[in-house]
There are 2 protein chains.
Amino acid sequence: MPNPLIAKLEQFTHLSDDDRAALQNLVAEPLRCYRPGTDIVSEGDDPKVVRLVLAGWAYRYKQLPDGRRQVVALFLPGDLCDHTVFVLSEMDHSIGALGAVTLVEIQPATFETLMADHPRVTRALWWEGLVSAAVQREWMLNLGRRSAGERLAHVFCEVFYRLRGIGLTQGTTCDMPLTQTDLADLIGMTPVHVNRVLQMLRRQRLVELKGRRLTIPDLPTLEKAALFNPNYLHLDHVGARFDAVGQHPAAAARYGA
Amino acid sequence: MPNPLIAKLEQFTHLSDDDRAALQNLVAEPLRCYRPGTDIVSEGDDPKVVRLVLAGWAYRYKQLPDGRRQVVALFLPGDLCDHTVFVLSEMDHSIGALGAVTLVEIQPATFETLMADHPRVTRALWWEGLVSAAVQREWMLNLGRRSAGERLAHVFCEVFYRLRGIGLTQGTTCDMPLTQTDLADLIGMTPVHVNRVLQMLRRQRLVELKGRRLTIPDLPTLEKAALFNPNYLHLDHVGARFDAVGQHPAAAARYGA
DNA sequence: CGCATATTTGAATTCTTTCAATCAACGTGG
DNA sequence: CCACGTTGATTGAAAGAATTCAAATATGCG
C-alpha cells in the first residue's frame, strides 16, 4: 500500500531514500477500514495510537448537547491526526469516516523511533502539524468573517489545493464526497442555505458540482471570489532551508541554483 | 521575573525541581516589551524565534484584504506560540499586543536542548500544543454553531478558566482588557451586536463587566448558558500517567494513592 | 420498480448588520 | 479644576442575511 504521507511531506522538504523507507514502514502497523458514516474515534475515547489516513476522507467534528454539529477538520489521504495525541487522556472531539476510509494505527513508540532516527522527517512532521493548525485558523476566519458565498468558495479552493498537493486532482476536477449537509456542518450554515449559495456559485460558472465530483473551470477566478490566499498552506517548500542545496528541484529554483 | 509557563504546565504534569529550573532558565533569553495596540509579529514575517508571553495579553489575528478581521487565538501569560514555528518561512497571521505585553524570545536551539534533556517537560509542551489546538477547535464550534449569546458567554467562561489555571483570578473576578470591538473580532460579530448581547447577559445577571474587569457571580449558571464543557482544556492532570505515582497531589487522588 | 437519501423550492420569521447619532469615561493641557 | 478631544459604549430604525418549516423533486441503489 503506498503511503500518501510521503507525497504530503515532500511538498515541504526533500526526503532521502532512507527517510522515505522509514515512512513507508509506518504502513506495516495495523490497518483499519471504516464504512461510510461510521465513527473512527469518539469524544471521550482515550487516544492510544496516532492515526494516518491512507485512503478516503475523514473529518473531525464537535457537537453541542442539542445536536448542533461543526466539522472542525477534514482528513484527506496523507493526513495525520496530531502525532502527539497520546499524551491526552481523553478526546475532546470525534472523528468520522466520510466515505470508506482506510487508515493505519501507529504506536507512539514507532513514531518516537522514527523521529529520533530521522531529523528531516521530524522537521517535516512539525511542518505537518503547523499547517493543520494554520488550516484551523483559516477556517476560523472563514466562519467568523467571510460571507456565505466566500466561505463555500474557499472550502472548494482549499480542498482542491490539498488534493493537488498529493496528486489527487485530475485536471480541473477532483473528488468531493461531501453532501450539502456535510458542507453546511463545515461552514456553519444550514443545508438549505448551502444549497442556495451553491446555486449562486454555479450560476456564476465558478464551480460545477455533480455526482460527487467537483470541477473548477477557472481556479484563479474562484480564488478571487473566495478571497483565497494559499499562504496558510505553506506549500512554498520552506523546508528547503533544511535541504542540501540543489537537492530538490523547487528548492533549487527558489535559491537560484 | 517569574515564569508563568511553569504554572501552566503544572496543570498537566508534575515537574521536578530540575524541570522547573530549566523552564525558569528560558526567561534568561532576550525580553521584549510592547505597547498596547502594537503588532508583535506581522503576517509575512519569518519566524526565527519562539515567543512566550510573560505578562499582559496578546492575540493572533487574521485579516481579509478589505479589513475584516478575525481574532483566532488569545495569548495569556504562560502561553507559548507554537514551539516549532521556526520551521515555517513565513507567518500566515499577525500577533498583536492587547495591553502592555512582556515576552521572551527563545532561540530554537534553546528549546531543542530543553526538550532533549527534560522528557517530562517535552510531554508537557506537547500537551500545551494539543490544548491550544483544542481551543481553536472549540472556537470553531463557537463561531459556526453557537448563538450570539452562547458565544459571548463561552468566551467569558474560557478566559476565566484559563486565567484561574495560572492563578490570575481573584475570587469570582478577573481582568478583561478586551473592548467590545475586540470581542466582536473574536466571536465574529459586529461591535453593535456584541453590545446588545452583552446587555442581555447582564440583565440575566450572568456577568458583570465594567472598567476592564469581569465578574462571574455564578460560574456554573454561565457555563450552562454557554453550553461550556471544559473538557477541551484538558485540565484533568492527564499527564499524571507520566508522573511517578503519588508525586503530585491531584495525580495521587486520581490513582487512589 | 421502489425505498432511502439528497437536492431544490417557497414563504414567513428571526437574527445580524448597517448607518447614524448620542452618551459616557478618561486623560491632557490650559 | 474644567474644557476639550478621543475612544469606547449605547441606542434606534431600516435593510439585509440566514434560518425555519414544509413540501416537492431528483438521484442512487438493491
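Note that this is a predicted model, so its numbers are computed, not measured. Lettering of chains follows the sequences in order, A, B, ..., and the numbering in each one begins at 1.
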Paired with B:Pro191, the side chain to side chain contact (heavy atoms under 4.5 Å, CB included) test is passed by just one of B:Thr179, B:Asp182, B:Thr181, namely B:Thr181

Between CZ of A:Arg196 and P of D:dA17 the distance, given in whole Å, is 14 Å

Backbone N/O of A:Arg68 and side chain of B:Arg145: donor-acceptor pair under 3.5 Å: no

Under 4.0 Å between a side-chain N/O of B:Arg212 and OP1 or OP2 of C:dA25, yes or no? no

From CD of A:Gln180 across to C1' of C:dT7 the rounded distance in Å is 6 Å

Between CG of A:Leu198 and P of D:dA18 the distance, given in whole Å, is 15 Å

note: B:Leu152, atom CG; C:dT16, atom P; distance rounded to Å ~ 12 Å

Rounded to whole Å, the NZ-P distance (A:Lys210 to C:dT8) equals 11 Å

| Side-chain N,O (A:Arg202) to OP1/OP2 (C:dT8) below 4.0 Å | yes

Among C:dT7, C:dT16, D:dA18, the one nearest any side-chain atom of B:Ala148 is C:dT16

Original post:
Parallel, tilted or perpendicular: which fits the ring planes of A:Tyr232 and A:His154, with parallel below 30° and perpendicular above 60°?
Top reply: parallel

task = Indicate, with a heavy-atom threshold strictly under 4.0 Å, whether B:Gly149 touches base, sugar-phosphate, or nothing.
result = nothing

Using only side-chain N and O atoms of A:Asn195, determine if any of them is under 4.0 Å from OP1 or OP2 of C:dT7. no

Does C:dT9 have OP1 or OP2 sitting under 4.0 Å from an N or O in the side chain of A:Gln199?
yes

To the nearest angstrom, the CE-P distance between B:Met189 and D:dA18 comes to 15 Å

Of B:Asp79, B:Asp92, B:Asp82, the one forming a salt bridge (charged side-chain N to carboxylate O under 4.0 Å, His left out) with B:Arg60 is B:Asp82

DNA chain D nearest-nucleotide lookup for B:Thr181 and A:Val197: closer to the 5′ end is B:Thr181

Sorted by position of nearest nucleotide on DNA chain C, 5' first, the leading residue of B:Arg146 and A:Pro191 is A:Pro191

Interatomic distance, CG@A:Leu233 vs SG@A:Cys157, rounded to 0.5 Å, equals 10.5 Å

Which of D:dC21, D:dG8, D:dG12 is nearest the side chain of B:Val192? It is D:dG12

Taken to the nearest whole Å, CG/A:Leu183 to P/C:dA6 is 12 Å

From CE of B:Met200 across to P of C:dC15 the rounded distance in Å is 10 Å

